[in-house]
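Contents: one structure, followed by commentary.
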Amino acid sequence: MSSNQPYIPNLLERVRHESSLDLLGIADVHQARREFLELTPAVSEKFSLAIVVGVRVSPTVLGALVDGPNLLYYHHYRQLNFQLDRGAARMAQEIERMGYAALPIPASQIVDWTTMRGHVAHKEVAYLAGLGWRGRNNLLITEQWGAQVRLASVLTNLPLEPARPLSAGCGSCRRCLSACPAGAIREEPGDFDHQACYQQLKEFSKVRRIGQYVCGLCVKACHGPVGVEGDR
Ligand code: B12
Ligand code: SF4
Ligand code: SF4
């Protein structure tokens, strides 16, 4: 197996490119794996690393949002989830062909509806992989595209070098605060009002003929290049 190691990053990079994904990062998930849902310890403990992939949300589609989600945004959101899921599945397949274990985690699947959690929180994995920071809007913010990225992860035991979290932040930017119709976004990322956001998304899903909990206004407001503790 060791003779394969120099080729591993090339392989991942090739799959990223062929799947038309914009971001790829490696995270150490030793600590985070305690929080994984629906995976028994025997399964979780196989994985000390996660590969996180990301795709940019179209600024043109976001530009067509006015005061909440529309059907075009909903369609785009679904297409990006398919793209991420296909890319993650493809990456897992290639890793398994090399004799290692790999578990693709869905881009957007809720496992526990009471706590509203997926198997793995992609934002946290992306943060651990150094792809961005936790923004005031509670999203993963990248330097290139702000919050305008969607994410998926692949848990693996492939021997790779994980990255470290960035020491960057929103700086003096406050753009998303006034964009949120629910007033859920506060000065401190830790004060984000999950309930207010959820109630707003529930309302949108009924009145906008969408039937899904999407919104997009705090994503539209947060475009890059952003933050890094300076004025914008
Ligand atoms: C359930 C869910 C929701 C629920 C809310 C659940 C929640 N607790 O936030 C609802 C339906 C309300 C929702 C709304 C939205 N969602 Co959502 N959602 C998910 C889903 C499926 C699971 C999230 C989860 O498991 N959370 C678990 C809890 C514990 O984590 P948390 O609350 O996010 O964060 C806590 C800890 O992780 C900790 N933390 C520790 N380290 C870090 C590091 C970072 C960077 C962050 C942010 C937090 C964090 O802080 C929090 C403590 O309370 C994920 C997909 C996935 N599997 O990750 C997408 C996901 C988080 N959603 C996403 C998006 C974009 C949205 C919406 C904009 C809807 C839309 N598409 O239009 C809004 C934004 C709301 C907001 N501003 O936060 C993206 C985020 C992309 C990004 N750039 O960050 C994800 C990753 C989907 C994807 N495939 O890209 N979502
Ligand atoms: S998804 Fe909508 S309601 Fe929720 S925080 Fe973002 S702008 Fe506010
Ligand atoms: S819009 Fe500005 S304040 Fe809000 S999350 Fe993005 S960088 Fe941070």
Side-chain angles (χ1 to χ4, degrees), residues 23 27 31-32 35-37 52-57 61-62 65 67-70 73-74 76-78 80-81 83-85 88 105-143 145-153 165-166 168-205 210 212-230 232:
L23 296 172
Q31 300 294 325
E35 304 289 324
F36 294 168
L37 287 194
V52 56
V53 290
V55 64
R56 188 182 178 191
V57 182
V61 171
L62 288 169
L65 294 178
D67 55 359
N70 59 24
Y73 174 68
Y74 174 52
H76 182 61
Y77 154 95
R78 293 190 59 195
L80 296 185
N81 285 346
Q83 189 186 343
L84 285 162
D85 286 339
I105 304 296
S108 200
Q109 190 178 57
I110 298 178
V111 180
D112 182 336
W113 280 87
T114 313
T115 56
M116 296 294 281
R117 291 176 57 189
H119 293 92
V120 169
H122 302 313
K123 291 185 292 191
E124 197 167 347
V125 176
Y127 168 74
L128 293 171
L131 294 188
W133 63 89
R134 183 184 183 184
R136 296 191 214 283
N137 62 8
N138 192 45
L139 296 173
L140 187 277
I141 315 302
T142 63
E143 279 180 31
W145 302 302
Q148 300 183 356
V149 292
R150 291 190 65 75
L151 306 163
S153 336
L166 296 180
C170 292
S172 60
C173 177
R174 307 273 183 291
R175 195 186 290 150
C176 55
L177 270 74
S178 57
C180 174
I185 306 172
R186 309 282 159 74
E187 186 68 27
E188 290 301 319
D191 293 338
F192 179 79
D193 188 341
H194 290 269
Q195 260 313 315
C197 168
Y198 179 59
Q199 291 308 325
Q200 180 68 64
L201 267 56
K202 237 161 101 174
E203 183 62 21
F204 279 149
S205 80
I210 288 174
Q212 189 82 27
Y213 296 152
V214 294
C215 169
L217 295 176
C218 56
V219 179
K220 180 183 178 184
C222 185
H223 49 77
V226 294
V228 205
E229 311 296 355
R232 299 174 48 196

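Keep in mind that this is a model prediction, so the values were computed, not measured. The first residue of the sequence shown is numbered 1, and numbering continues consecutively from there. Whatever order the structure lists ligands and atoms in, that order sets their numbers, starting from 1.
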Closest to atom 71 (N) of ligand 1 (judged by heavy-atom distance), picking from Tyr73, Tyr213, Phe36: Tyr73
Under-2.8 Å neighbours of atom 4 (Fe) of ligand 2, protein N/O/S atoms only: 1
Ser178 side, atom OG; Ile185 side, atom CD1 - distance, nearest 0.5 Å: 9.0 Å
Proximity of Val219 to ligand 1 by residue part, where a heavy atom lies under 4.0 Å: side chain
Phe192 heavy atom under 4.0 Å from ligand 2: yes
Non-hydrogen protein atom less than 4.0 angstrom from atom 62 (N) of ligand 1: no
Ser153 to Ala88 - nearest heavy-atom pair and separation: O-CB, 4.4 Å
Protein non-hydrogen atom below 4.0 angstrom of atom 32 (O) of ligand 1 present: yes
Close-contact set for ligand 1 against Met116 heavy atoms, below 4.0 Å: 1 (C), 4 (C), 6 (C), 8 (N), 11 (C), 24 (C), 26 (N)
Among Cys176, Cys173, Gly132, Gly135, closest by any non-hydrogen atom to atom 4 (Fe) of ligand 3: Cys176
For ligand 3, the portion of Ile141 having any non-hydrogen atom under 4.0 Å away: side chain
Non-hydrogen protein atom less than 4.0 angstrom from atom 91 (N) of ligand 1: no
Proximal candidate to atom 86 (C) of ligand 1 [heavy atom criterion; set Gln109, Glu35, Lys123]: Lys123
Nitrogen or oxygen atoms of Tyr127 and ligand 1 under 3.5 Å apart: no
Protein non-hydrogen atom found under 4.0 Å from atom 67 (C) of ligand 1: no
Closer than 4.0 Å: a protein non-hydrogen atom to atom 18 (N) of ligand 1: no
Nearest non-hydrogen partners of Lys123 and Asn138, listed with the distance: NZ-O, 2.8 Å
Heavy atom of protein closer than 4.0 angstrom to atom 59 (C) of ligand 1: no
Heavy-atom gap Ala152 to ligand 1 smaller than 4.0 Å: no
Residues in side chain to side chain contact (heavy atoms under 4.5 Å, CB included) contact with Gln31, at least two apart in sequence or another chain: Arg34
Aromatic plane relationship, Phe192 with His194 - under 30° parallel, 30 to 60° tilted, over 60° perpendicular: perpendicular
Location of contacts on Ile141 toward ligand 1, heavy atoms closer than 4.0 Å: neither
Straight-line distance of Glu187 CD to Arg136 CZ, nearest 0.5 Å: 5.0 Å
Gln199 versus Glu203, side-chain donor and acceptor atoms under 3.5 Å: no
Gln148, portion touching ligand 1 at heavy-atom distance under 4.0 Å: neither
Protein non-hydrogen atom below 4.0 angstrom of atom 75 (C) of ligand 1 present: yes
Atom 6 (C) of ligand 1: any protein heavy atom closer than 4.0 Å: yes
